Number of protein chains: 2
Amino acid sequence: MDPHTTVDDAPTGDDVGGELPGRPRRPALSTLQRASAPGSDKPPTIYDVAKAAGVSHQTVTRYLRGYEGIRPATRERVVAALEELDYRPNLTARSLTTGRSHRIGALTHEIDKHGPSNIAQGAAAAARRAGYVLDIFTLDMSDPRSIRDTLKMLRQHDLAGILALTSTDEMTRAIEAAKFTVPVYLGGEPDETPTEHSELTGIGFPALVDHLAGLGHRSFLHIAGPATWPAARNRTQAYEDAVAARGLRSAGVLPGDWTARSGHDAVAALGEDLGATAIVAANDQMALGAMLALRRRGLSVPGDVSVTGVDDIPDAAYFAPPLTTLRVDFAAQGRNIVDGLLAQIDGRPPVRSITPHSELVVRESTGPVPAA
Amino acid sequence: MDPHTTVDDAPTGDDVGGELPGRPRRPALSTLQRASAPGSDKPPTIYDVAKAAGVSHQTVTRYLRGYEGIRPATRERVVAALEELDYRPNLTARSLTTGRSHRIGALTHEIDKHGPSNIAQGAAAAARRAGYVLDIFTLDMSDPRSIRDTLKMLRQHDLAGILALTSTDEMTRAIEAAKFTVPVYLGGEPDETPTEHSELTGIGFPALVDHLAGLGHRSFLHIAGPATWPAARNRTQAYEDAVAARGLRSAGVLPGDWTARSGHDAVAALGEDLGATAIVAANDQMALGAMLALRRRGLSVPGDVSVTGVDDIPDAAYFAPPLTTLRVDFAAQGRNIVDGLLAQIDGRPPVRSITPHSELVVRESTGPVPAA
DNA sequence: TATCGGATTGTTGCCGGTAACATGGCGGTG
DNA sequence: CACCGCCATGTTACCGGCAACAATCCGATA
């Protein structure tokens with residue numbers, strides 16, 4: 001917002017007025033008297049609990065931290081006081097003093113899309129189970145300055161770690177440039193080396209191509225996702241590997257951007273002869289668009305051309321025709337990302353057990369190759 | 001997790017081991033010497049900045065808070081020091097002392113659905129613009145205990161406010177029961193009184209019904225969303241009002257749950273005679289399912305039956321046939337929710353300017369009533 | 001029964017920032 | 001030229017929790 005200084009939080013900040021308002025300080029009381037009046041709206045602190053229990057605040061802390069060496073009688077009084085006051089630790093204060101936080105910054109863009117939002121869902125659930133909270137930061141990938149600003153802002157939020165729910169090359173670069181001091185974990189699908197393909201995202205493509213080959217298809221078209229997404233590259237690579245490994249023919253890779261529109265336009269732009277009897281789209285939306293484009297060309301699915309997707313979004317089973325696709329468990333991916341980050345935070349060995357169950361779901365959009 | 005005590009953070013907590021690890025304390029130095037060594041990995045504090053500028057830390061704070069009465073020469077030194085050290089305020093410490101935080105707790109469930117995730121997207125963007133961060137808390141609506149636990153947990157996170165991205169009756173009840181001390185804002189679509197319909201979600205239904213009536217349709221079926229969602233009730237109500245106001249006939253309201261499956265099953269379960277020539281679904285997914293069910297009955301869309309949705313999800317333009325629907329701007333809804341909450345936080349008058357541009361988008365799923 | 005040592009518990013100080021209060025310096029006035 | 005008052009800045013205290021260190025307490029041993 002303020003191009004000529006890096007300290008953009010200064011006088012241009014949100015809470016900066018001439019008035020320096022602030023909340024009224026609580027009247028100065030000695031530490032001993034300041035216990036909350038019962039009806040006080042302020043949540044109780046360990047000092048309140050300590051006073052109620054007739055012990056020192058440190059004893060309360062010890063109990064809370066799980067320290068064993070507390071005499072049963074004392075412990076009981078503490079427990080009773082905690083319960084009576086319904087004490088909940090103030091995590092802000094705790095973070096300040098321990099230097100550890102329980103927040104994970106989740107970078108995302110296009111969270112409105114099926115994959116990212118389900119990854120977020122899974123990640124949020126996994127984080128919560130581990131006692132963490134996900135702070136969502138949406139990046140505007142179209143504006144490099146805004147990305148830098150957002151990433152800079154992350155630094156003041158004392159996060160336990162940062163993860164990218166979905167990674168694109170731009171995001172990867174921006175994150176590397178930001179040089180975070182906390183652990184960073186790049187999620188989504190990482191780039192894979194060829195040998196790993198068969199175990200990872202590629203797991204489904206062999207099955208998918210086998211399915212099509214079993215129906216007599218010999219020549220295929222692929223509609224790819226945007227090349228800046230590792231996930232898209234992986235899928236394209238897996239497609240090409242699977243086709244080549246079976247001695248079949250790929251008639252081409254059409255560029256797409258995950259949207260139904262791009263799938264439609266890619267097919268609409270093809271010449272008279274498709275050169276293939278089956279279209280393997282890198283996600284369900286593009287498959288949907290492709291099917292519409294085929295129909296508009298007067299071709300029937302699967303009568304003339306078979307079409308497949310990837311993801312198995314809930315709607316895919318109700319497309320016209322219902323879509324044959326590879327089911328991807330995004331929630332599991334989200335969990336995996338969080339697990340990976342937490343391992344890094346705790347200094348445990350990286351888990352890296354990403355096995356996105358990519359399962360073939362056969363529906364009506366694939367059928368026998370036409371008699372020609 | 002621990003049913004017999006409300007203080008479930010105690011010895012069962014995540015970071016509680018016998019060891020009481022904690023990070024190593026920084027060696028005890030006097031306040032004056034503890035300035036960060038240049039290569040220190042700890043971010044600079046106002047004390048570091050103050051030392052670098054040769055002023056007291058309070059002067060630095062004053063500058064940061066926008067205080068005017070600083071002599072230009074002093075101010076310059078502070079600015080220079082801030083820039084040199086690339087200082088960023090520690091928001092945790094700031095929150096602790098001010099008692100104000102800049103985090104908003106966003107409650108959600110089913111964030112994987114189009115509406116909720118786009119609302120989240122808009123809300124996150126709006127929050128960030130206002131200097132806030134969205135903490136996402138996903139509720140497992142199927143487990144009342146887990147809901148209570150989650151809501152309790154919110155209390156220790158010192159949030160500036162809490163908002164429900166989408167509201168269902170269960171969520172509303174749970175939130176009311178939690179008795180938060182911070183502002184709470186229920187988003188999604190609130191229940192509306194009949195008079196407001198025409199200005200709110202209802203805005204599109206008159207246009208939609210006009211469109212269908214103009215094509216000759218006189219009798220309609222509605223596929224509703226789950227009755228526990230205010231948004232679903234609003235849409236059903238708006239549908240019924242619009243139909244009744246035109247002297248047309250509603251042949252029935254079928255229950256759905258937002259999914260394509262429910263739309264499909266609702267139509268599949270109908271008797272031989274639909275009793276209507278147009279189906280108005282409460283969202284696009286259910287419309288999609290309905291279209292498939294119609295086709296399986298041997299009915300063509302729009303030849304025999306016209307179908308409409310609500311939302312205009314990106315895929316809707318590529319359904320077979322492309323869907324006539326009401327476009328809803330969920331991102332704007334998200335922004336509105338955040339604005340409403342921020343107004344409440346700041347004690348400003350409630351804005352309540354929810355005008356979800358619900359715009360009719362005519363595509364190919366609606367057509368003239370069949371000649372009979 | 002006095003002493004010793006580990007087990008318990010209390011006291012003090014710090015995290016990084018902000019607010020209240022205190023102080024030094026300057027100019028203006030009588 | 002002394003005094004007053006305001007301006008600019010410094011000093012101290014505190015938010016709520018945690019940890020180092022200090023001070024008790026208790027039982028067991030000599």
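Just so it is clear, the structure is predicted and the values come from calculations on it, not from any experiment. Reminder, nothing fancy here: chain letters follow the sequence lines and each chain counts from 1.
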message: Tell me the closest heavy-atom pair linking A53(B) and A81(B), and the distance in Å.
response: CB-CB, 3.7 Å
- prompt: Given axes from five pairs at either end, by how many degrees does the helix from dT1(C)-dA30(D) to dG30(C)-dC1(D) bend, rounded to 10°?
  reply: 70°
task: Decide if the gap between the ring center of H102(B) and the ring center of Y132(B) is smaller than 6.0 angstrom.
output: no
message: Suppose we screen for ring pair (Phe, Tyr, Trp, His ring centres under 6.0 Å). Which residues come up paired with H57(A), at least two apart in sequence or across chains?
response: Y47(A)
task: Assign a letter to each nucleotide of nucleotides 5-10 of chain C from its 5' end: B, base within under 4.0 Å of a protein heavy atom; S, sugar-phosphate only; -, no contact.
output: ---SBB
Salt bridge (charged side-chain N to carboxylate O under 4.0 Å, His left out) against D158(B), all qualifying residues, sequence neighbours excluded: none
query: Charged N to carboxylate O below 4.0 Å: is that the case for R145(A) and D149(A)?
result: yes
- request: To the nearest Å, give me how far apart CZ (R100(A)) and P (dG16(D)) are.
  value: 23 Å
- prompt: In chain order, what residues pass the salt bridge (charged side-chain N to carboxylate O under 4.0 Å, His left out) check against R155(B), with sequence neighbours excluded?
  reply: D86(A)
message: Nearest whole Å is fine: how far is dA8(D) P from R77(B) CZ?
response: 15 Å
- prompt: Who are the salt bridge (charged side-chain N to carboxylate O under 4.0 Å, His left out) partners of D143(B), not counting sequence neighbours?
  reply: none
Given L341(A), I162(A), V338(A), L342(A), the one that forms side chain to side chain contact (heavy atoms under 4.5 Å, CB included) with Y185(A): L341(A)
